[in-house]
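The shown structure was predicted, so the numbers you read here are calculated from the model rather than taken from an experiment.
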Amino acid sequence: MAQYAYNKLSSLSFGGSQHIQVQEIVPFNTTKGSLKLHLLHGNLDIWVKEAKNLPNMDMFHKSLGSMLKLPGKAASKLDGPKITSDPYVTISVCGAVVGRTFVISNSEDPVWMQHFYVPVAHYVAEVHFVVKDNDIVGSQLIGAVGIPTEQIISGKKVEGSFPILNASGKPCKQGAELSISIQYTPIEKVNLYQNGVGSGSDYYGVPGTYFPLRMGGNVILYQDAHVHDNSLPNLELDCELKYEHGKCWYDIFYAIKQARRLVYITGWSVYHLVRLIRDKENAVDSVLGDLLKAKSQEGVRVLLLVWDDPTSRSILGYKTDGIMQTHDEETRRFFKHSSVQVLLCPRSAGKGHSWAKKQEVGTIYTHHQKTVIVDADAGQNKRKIIAFVGGLDLCLGRYDTPTHPIFRTLQTVHENDFHNPTFAGPAAGCPREPWHDLHCKIDSPAAYDILTNFEERWLKASKPRGLQKLKTSYDDALLKLERIPEILRMDDVPSLSKDHPESWHVQVFRSIDSSSVQGFPKDPKDATAKNLVCGKNVLIDMSIHTAYVKAIRSAQHFIYIENQYFLGSSYNWSSFTDVGANNLIPMEIALKITSKIRANERFSVYILIPMWPEGIPTSTAIQRILFWQNKTMQMMYETIYKALVEVGLENKYEPQDYLNFFCLGNREVEDLNGTPNLGNSSAANSPPALTRKNRRFMIYVHSKGMIVDDEYVILGSANINQRSMEGTRDTEIAMGAYQPRHTWATRHSNPRGQVHGYRMSLWVEHTGTLEECFKQPKSLECMRRLRTIGEINWRQFVSDEVSKMKGHLLKYPVEVDRTGKVKAIAGCETFPDVGGIIVGSFTAIQENLTI
C-alpha cells in the first residue's frame, strides 16, 4: 500500500494487531537458575494436549444467589452453569508467538489435542507455553510452562505433564498442570529442504498450505506494466527456447476484451480512467472503465472487489479523495448506473473484537490483493479460467517500461498520469515517480484457486450487515460455474506433462483471515485440517510466509529478491526486539548464508528495495520504516560476520561478498526541446527545485517477488514486513511456481528455463548490460561485479554533473564495513535532493504500525 499515508494515519492507531498476538513476554522465570542460549534453526513438532485444575480467573463467577444472600434453594434456582475460565495456550520462542491454541470456553480441565509444526530460526534459552484466560477485551495470564532448549536441542522428544507456574514460581493452583510434547528437528535433518525447491517425482509443493500444488499449467512472467518490442535483448534458454518479454497491461486488456462469461477484479485501487495500452504501434481505446462497461453490456459478469479506503467518503454531496487517493469512490460512482458491480470492501475485524480493535483494523489495514480473473478460450468451444496476479494495481502511477523515464514522458505517455507523493506541495515540472513492478499470468489449474479466493472474499464482503440487510444483496452476483457447461472444471483443464519443456507447476498462497473470507471452518478445532492458524476470534492463512521460509531453506546457490519493503526478525535485532516484526525471512536468509560459509560453499543473496519508502522521506513514519530496515540489515550482516570469524575467513572475505542491497535511480539529460518548466515557484533548495535542477529521482521498487536458484519464483502482492506476512493485517495473495524440466534436480546443472530468463531480463533492465558472469549468480565474481556496477552508478547519480545513465542499479547508499557494521556514508547521510536520514531515525513512542 502507499506507505506515505502512514504518518497521517498513525495518529489513528490503537496499537498492534491482537488477532494473533505476536509478542508474549513472560514476566517471571519458569525455570530456576541460568539457562544457555541455543540456536534453534529447524522445526518444532508440538502437541498441546490438555490442562488440569486451572484456577477460575473470572472476576464475576460468583453466583447471583450468593451475591444476593438468598436461601440455598432459591439461590440454586437462580444459579446457572458455573462461569469459569476460557483458557487457551500461546507458544512463544524468544518472545515471539509461534503458535496459539483455540479457546475452550468455561473449562478448568480443557482438552485441546492440537498439533503445531512450527519453523524456528531463533537464539533462545527456553520455549514458553503460556496459559491464558480469554476475555472480551484482552486476556489474563494464568501461568506458564518453560521447556529449556538444552532439553530439546539433541532432537529428543520431551513429553509429559508440567506444573503451570505463576509469578511466585509456584503452581498457579494446586494440581494445575499442562500436558504437552515437543520435539526439535534441525534443518539439516529435514529432507524437504535438502535438494532444491521442487525436487523429486514425489514432490507435492509447499506443505502446510491452504491450496495444494497444481501441475501442468503455463505461466507468463512480467516486468513492469509494459515492455516495448526489441527494447531488451533476446535471451537463449534450454531446449532451443527463447525468453519472450511479456506485455502485462496489454495482455490484461485483451484478456478482458476476449472474455465471454466473467471478469472478476480485486485491487487495493482500481481506477476507471486508467489507460492500459499507451504505445503508438498498438494504439486502441483502452480506458479500463469503458472496457468493463462494454463487456458488461455484452452480458459478461463484471465484478470489482476494491478496498474501501475509510478516509474517502461521499456524504450529502461532500466528497473527500481520501488520504490514500485510491479513487475508490470515483470508481464506484462511475459504474453506479451500469451492470458492472463494484463492491467497496472495508478491512474489517472479526466478531468478538473490541470497538477500538475494529477501528484500528478498519482504519489502518487494507485489502492489498491485486488479481484479474477471466474466462478464456480452451479450444473445442470450451472456456477455462485464467488469472493475473502480482504487484500492479490497475490505477494511476503504475504504467511504466524498463526505461523508467522521469521527465520526457510527462506531456505524452504520462499526461494526466502524474504520480509522485514525495512532494508535499505543488509538483508542477517535477519528475514523476518511475514505477518498477512484477506481475504474472497463470494459465493453469491454479487459476481456479485464485477464483476461489475471489469467491470467498466476495461472499464475505457482500454479506449484509446492520442496515445493509434492507438493501439489495450482492451474494447472488457470482456465477455458478457448475451450471455453465461451457466452462471447464479445474480437473478437466488440459495440462502439459511434467516432461514438457514449457510445463509449469503452480501453487497459490495467501495472507488472510476469516474476517475477510467465507468458507473457513466455523469450529476452530477444524483449523488444522485446512492448515490454518488460530488467532483471537479468527482463523488465519499465513501460507505466503510459509512459502518464503520453505523456498529460502531449500535454496542451494543464490537468492534474488525484489520487494517494496525488507524488514523482520526483530527478535534478533540488537535493540527493539519486542517491536513484533517477527517474520522469519531476514533471519532465514542470514542463517542460509552462514550454513554455506561453515560448509565452505558459495552462496549469494541480492536484495533490491526502493531508495526510500513511498512518501516524504523526512516524515516520522518513513524515517521509522528506514530505521527498522537498517536494524534488519545490521542484524543480517553481523550474523554473517560472526560465521566468517568462526571459520577463520574474516580476512579473506567480507559480509558483502555474500549479501548486498540495491536500489534503482535514473537521471535524464534535458533534451533539445527542453522540458516544460511549469510553476517554478519553489525555493531553490527545496526538494521540487533540486530534483528539477539535478534531473534525477529514484525508481520506485514496488515489486514483491523472489527467485531461488533460477528454478523457483514467488510473485504476488505481499511485502516482506509484518503487515503482509502476519495474515491478520493487510490481505495478500501470491503464487509460487517452477518448471519441472528446469530444476537443478532434473538437469544437475544451472537451470535455463523461464525463471532464469526472467531474472536475466530483470538484470539487463537494471544494469543496462548483459554480462557473462550474470549466468553464474552464486559466484563471487558476479556478486562483486554487480556491487561494482551499483557503486559506479551511485556516484553518477549523486554527481553534480547531469549525465545519462546507462543502467539504473544503485548500491544501496549505506556503508557496510568488513565487520558487518552498517552506517551512513560520510558526506551522504541524507537522500539526494529530497532529504531524510538514510539509516532512518526513531522518535516518539514505540508502535508496530510501520513494521
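- Considering D437, I220, L392 as possible partners of C248, the one that fulfils the side chain to side chain contact (heavy atoms under 4.5 Å, CB included) test is L392.
- A donor-acceptor pair is defined here as one N or O able to donate and one able to accept, closer than 3.5 Å; such a pair exists between the side chain of N721 and the backbone of S724.
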Chi angles and distances behind the side-chain hydrogen bond (donor to acceptor under 3.5 Å, both in side chains) call for S296, S339: CA-CA 6 Å; S296 69; S339 51; 3.0 Å; yes
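- If you look at Y243 and H245, their ring centroids are closer than 6.0 Å.
- Not one N or O on the side chain of Q564 forms a donor-acceptor pair closer than 3.5 Å with the backbone of K704.
- S503 meets the side chain to side chain donor-acceptor pair (under 3.5 Å) test with no other residue; sequence neighbours excluded.
- Counting only distance, with no hydrogens or angles, the side chain of S338 and the backbone of V340 share a donor-acceptor pair below 3.5 Å.
- Taking CG from D400 and CD from E433, the interatomic distance works out to 10.0 Å, rounded to the nearest 0.5 Å.
- For R214, the side chain to side chain donor-acceptor pair (under 3.5 Å) partners two or more places apart in sequence, or in a different chain, are D449.
- Residues C663 and M698 fail the side-chain proximity criterion, which asks for heavy atoms closer than 4.5 Å.
- Counting heavy atoms from C-beta on, the side chains of R432 and H419 never come closer than 4.5 Å.
- Within the 6.0 Å centre-distance limit, the rings of W435 and H702 are counted as a close aromatic pair.
- H228 meets the ring-ring contact (aromatic ring centres under 6.0 Å, His included) test with H226; sequence neighbours excluded.
- Between the OH atom of Y560 and the OH atom of Y758 there is a distance of 9.0 Å, given to the nearest 0.5 Å.
- The cationic atom of R723 (NZ for Lys, CZ for Arg) does not lie both less than 6.0 Å from the six-membered ring centre of Y365 and within 45° of the ring axis.
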Q369 and I512: CA distance, side-chain angles, deciding distance, side-chain contact (heavy atoms from CB on, under 4.5 Å) verdict: CA-CA 10 Å; Q369 297 178 347; I512 203 165; 3.9 Å; yes
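- In this structure, I487 CD1 and L262 CG are separated by 5.5 Å, a value rounded to the nearest 0.5 Å.
- Here the NZ atom belonging to K480 is positioned 7.5 Å from the CG atom belonging to L478, to the nearest 0.5 angstrom.
- Listed by first and then second residue, the salt bridge (charged side-chain N to carboxylate O under 4.0 Å, His left out) pairs that reach into residues 371-382 are D375-R383, sequence neighbours excluded.
- Residues that satisfy the ring-ring contact (aromatic ring centres under 6.0 Å, His included) test with H742, not counting sequence neighbours, are absent from this structure.
- No donor-acceptor contact under 3.5 angstrom links the side chains of N234 and K242, judged on distance only.
- In the model, E732 has a side-chain atom that pairs as donor or acceptor with a side-chain atom of S717 under 3.5 Å.
- Partners of V284 by side-chain contact (heavy atoms from CB on, under 4.5 Å), not counting sequence neighbours, listed by chain and number: F253, Y254, I277, S286.
- Taking both residues in full, the closest heavy atoms of W249 and C395 are given as CH2-O, 3.7 Å, listed atom of the first, atom of the second, then distance.
- For CD of E244, the number of neighbouring non-hydrogen atoms (other residues, nucleotides, ligands) closer than 6.0 Å is 12 at most.
- V764 is linked by a side-chain contact (heavy atoms from CB on, under 4.5 Å) to L232, P233, L770, counting only residues two or more places apart in sequence or in another chain.
- Within the 4.5 Å cutoff, the side chain of F454 has no heavy atoms near those of the I265 side chain.
- Just one residue in the list E562, H808, H404, Q223 forms a side chain to side chain donor-acceptor pair (under 3.5 Å) with H766, and that residue is E562.
- Between the side chains of R457 and Q518, no donor-acceptor pair of N or O atoms lies under 3.5 Å.
- Remark: side-chain polar atoms of K247 are paired, donor with acceptor, to backbone N or O of V227 under 3.5 angstrom.
- Atom CD of Q380 has 12 or fewer heavy atoms from other residues, nucleotides or ligands within 6.0 Å.
- Salt bridge D443/K384: present, at least one basic N to carboxylate O contact under 4.0 Å.
- Using a 4.5 Å cut-off on side-chain heavy atoms (C-beta onward), L235 and S761 make contact.
- One finds a salt bridge joining R510 and E456 here, because a Lys/Arg side-chain nitrogen approaches an Asp/Glu carboxylate oxygen to under 4.0 Å.
- Contact check for D730 versus W268: no side-chain heavy atoms found under the 4.5 Å cut-off.
- E726 and S511 form no side-chain donor-acceptor contact under 3.5 Å, judged by distance and modelled atom types alone.
- Within a 6.0 Å radius of CZ in R301, other residues, nucleotides and ligands contribute more than 12 heavy atoms.
- For the atom pair CG of L292 and CD of Q297, the computed distance is 11.0 Å after rounding to the nearest 0.5 Å.
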Check against side-chain contact (heavy atoms from CB on, under 4.5 Å), V508 and I733: CA-CA 7 Å; V508 174; I733 193 166; 4.1 Å; yes
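- A heavy-atom distance below 4.5 Å is not found between the side chains of Y264 and L304.
- Screening L288, V372, L305, D393 for a side chain to side chain contact (heavy atoms under 4.5 Å, CB included) with V270, the sole residue that qualifies is L288.
- Partners of H545 under the ring-ring contact (aromatic ring centres under 6.0 Å, His included) rule, at least two apart in sequence or in another chain, do not exist in this structure.
- Within the structure, every pair that satisfies the salt bridge (charged side-chain N to carboxylate O under 4.0 Å, His left out) test and touches residues 282-296, not counting sequence neighbours, is listed here: K295-E298.
- Under the ring-ring contact (aromatic ring centres under 6.0 Å, His included) criterion, F335 pairs with no residue at all, not counting sequence neighbours.
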Worked check of side-chain hydrogen bond (donor to acceptor under 3.5 Å, both in side chains) between N381 and E486: CA-CA 7 Å; N381 297 316; E486 180 187 15; over 6 Å; no
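- Residues R261 and V300 form no side-chain contact, since every pair of their non-hydrogen atoms from C-beta on lies 4.5 Å or further apart.
- A donor-acceptor contact under 3.5 angstrom links the side chains of T266 and T371, judged on distance only.
- Two residues are said to be in side-chain contact when any heavy atoms from C-beta on lie closer than 4.5 Å; F520 and D541 meet this criterion.
- A distance of 12.5 Å separates CD1 of I386 from CG of L451, quoted to the nearest 0.5 Å.
- Counted by atom type alone, H436 and D224 present one or more donor-acceptor pairs between their side chains at under 3.5 Å.
- By the 30° and 60° cut-offs, the orientation of the rings of W612 relative to F697 is perpendicular.
- With sequence neighbours left out, L273 forms a side-chain contact (heavy atoms from CB on, under 4.5 Å) with Y271.
- For V413, the side-chain contact (heavy atoms from CB on, under 4.5 Å) partners two or more places apart in sequence, or in a different chain, are R278, Y399, T409.
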